[in-house]
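Read the structure below first, then the notes.
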Number of protein chains: 2
Amino acid sequence: MATYAGAGKKLQSERAVRVLRSRILSGEFGPDTHISETAAAEMMGISRTPTREALAQLVDEGLLDRTSSGRCTVRSFSADDVIDAIELRGVLEGTIVRLAAERGPSRDDFDRCMELADLIDIALGDAEPEIDFERYADLNAEFHRTLIGLSGSVTLRREAERAYRMPLASPSAFLQSQEHLVPVRRSLYVAQAQHRALLDAIAAREGARAEMLAREHARLARQNLDALMQSEDRHVHDIPGLSMLAGTPQVNTKGRTQ
Amino acid sequence: MATYAGAGKKLQSERAVRVLRSRILSGEFGPDTHISETAAAEMMGISRTPTREALAQLVDEGLLDRTSSGRCTVRSFSADDVIDAIELRGVLEGTIVRLAAERGPSRDDFDRCMELADLIDIALGDAEPEIDFERYADLNAEFHRTLIGLSGSVTLRREAERAYRMPLASPSAFLQSQEHLVPVRRSLYVAQAQHRALLDAIAAREGARAEMLAREHARLARQNLDALMQSEDRHVHDIPGLSMLAGTPQVNTKGRTQ
DNA sequence: CATATTTGAACTGTATACATAAATTCTGCT
DNA sequence: AGCAGAATTTATGTATACAGTTCAAATATG
């Protein structure tokens, strides 16, 4: 099964990361699935060396666990893990916007944030006719990606980017599919109001307020998750579309089925 | 990244990480020094494969930069980088102790923290006769390592551990050498008082206060750094013992000197 | 029938070889 | 002498081969 090799043939290892990450997040490789170097390499039609590198990166990202003997298994996320990741995101974004307010934000990024806020307004629709969910998700993601560069600190930006890679902690984790967006439709307007307030606070150089607002923003995300869980069975695993969290044991990557 | 663990010299790649990190931190490889895979491998008497893995990890830790063409150079740290790293540490520790207070800390870790606080008291000496600096540094480091497990959140613990690996952001970064400890001798007592207050706040389940105290604790570290910089020339580079920050261009890893 | 043991397949860690891309050096020309 | 360009040399990315270890199935044993 040598997948189309002509894709992004820049670096095999990067392509491997994307392929594996996507398969894990899609739930194709369920929790505790053992992913072997040789099998994964064979599957992707590349050698073990770049595959090894890709697995190491995914372990670092937290998507894979590494056993004592060096084997890689898909990490199983609990509801607490997701909550903590959202908490972390709120704290990091809060710190970044506080510093941005205190030190003065980088002009370009700030302007871009304002611009994105305007675009989000449009996507949400003035009179709430019909929301362009897909566009909203894209814009929201870019807003947050731009936001974390606002302080000018590479250190904090790095950490925030890393936090964003954590499944479900990303600003638009379950804002991807319309299926999840519709139930929390009203909260999107609240979130947008928070975006505006955040930018205001930064412009006014009110660091403490900016930090507080960012945390509140993350709290909203958590509330949405809680609401989804309440309606679905009180377990993250059961939220449709978040199959990566499913507890279903999976077959090995290897063909050795059963 | 499962760098830790007792895996002594079993894995060549881990040994390589330790060797390279130590050489970078010691200043042997100054900022912007190019570290080549082949040269580094040859130097350590191992092959390129584990060396490659080690370099990737150090890039991830932030000790090395990777150029567009894949080359690795020693990162040059600015004073701002250090300040941001300390800020990050304070924020992460603050979040962890807040959650520990809110959710209830893990009993074992909390007891160990109390124990360590007692030991630090002893190391500092009751009547301030003479401080056992080396022991203090060890105990302080362990105190903080234990602290970041207190919330029971693996996610936050991971991030904090990562932050600790950042040079100078570690709780005892410049508390390693007596040379730096003596000038800030008096602040060690303040820090210890903060440790106690922090544990009190957690025991009393006062999350907000615990978070505030943790941030104050980090602020003290920054003040110490500022004081050191003031007395040394206003540049991190010039603080003795922190040669990793020195701006002196270094020879290549390769033997091709001059 | 359950448990301990052995045996074999599979996987990871490491080394080496090869190809491609980058960088430096050398040479020729202006 | 200075600059441009080509050739050489070096470094990275990838593939493959080999050794030690781990895991698991199958067999033997009480």
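Computed from a predicted model, the values in this text were never measured in an experiment. What's counted below: heavy atoms across the whole structure, side chains too, no hydrogens, waters or symmetry copies.
The shortest distance between the side-chain N/O atoms of Thr49(B) and the OP1/OP2 oxygens of dT14(C) is not below 4.0 Å. At dA11(D), one or more side-chain N or O atoms of Thr38(B) fall inside 4.0 Å of OP1 or OP2 (strictly under the cut-off). Between Arg52(B) and dG13(D) there is a side-chain N or O to OP1 or OP2 distance below 4.0 Å.
Rounded to a whole Å, the CD atom of Glu53(B) is 14 Å from the P atom of dG13(D). Taking atom CD on Glu37(B) and atom P on dA22(C), their separation rounds to 16 Å, with Å as the unit. Atom-to-atom, CG of Leu11(A) to C1' of dA15(D) comes out at 15 Å; the value is rounded to the nearest Å. Straight-line distance from the CG atom of Leu55(A) to the C1' atom of dG13(C): 14 Å, rounded to whole Å. In this structure, Gln12(B) atom CD and dC18(D) atom P are separated by 20 Å, rounded to whole Å. In this structure, CD of Glu14(A) is placed 10 Å from P of dG13(D), rounded to the nearest angstrom. Atom CD in Glu42(B) sits roughly 9 Å away from atom P in dA11(D) (whole-Å rounding). To the nearest angstrom, C1' of dC11(C) lies 16 Å from CG of Leu64(A).
Thr155(B) and Asp84(A) share no side-chain donor-acceptor pair at under 3.5 Å. In this model, a donor atom of one side chain and an acceptor atom of the other lie less than 3.5 Å apart for Ser69(A) and Thr67(A).
Of all non-hydrogen atoms in Arg158(B) and Glu61(A), the two that sit nearest each other are NH2-C, 3.9 Å.
Taken from CD in Glu87(B) to CZ in Arg98(A), the straight-line distance is 4.5 Å, to the nearest 0.5 Å.
Residue Arg48(B) is classed as a base contact, given a heavy-atom separation below 4.0 Å to a base.
Relative to the side chain of Arg71(B), the nucleotides dC11(C), dT14(D), dA23(C) differ in distance, and dA23(C) lies closest.
With Arg75(B) as reference, Asp81(B) is the one residue of Asp32(B), Asp60(B), Asp81(B) to meet the salt bridge (charged side-chain N to carboxylate O under 4.0 Å, His left out) rule.
One cannot find a donor-acceptor pair under 3.5 Å joining the base of dA11(D) and the side-chain atoms of Ser36(B).
For the pair Ser69(A) and Ile46(B), nearest-nucleotide mapping onto DNA chain C gives the more 5' position to Ser69(A).
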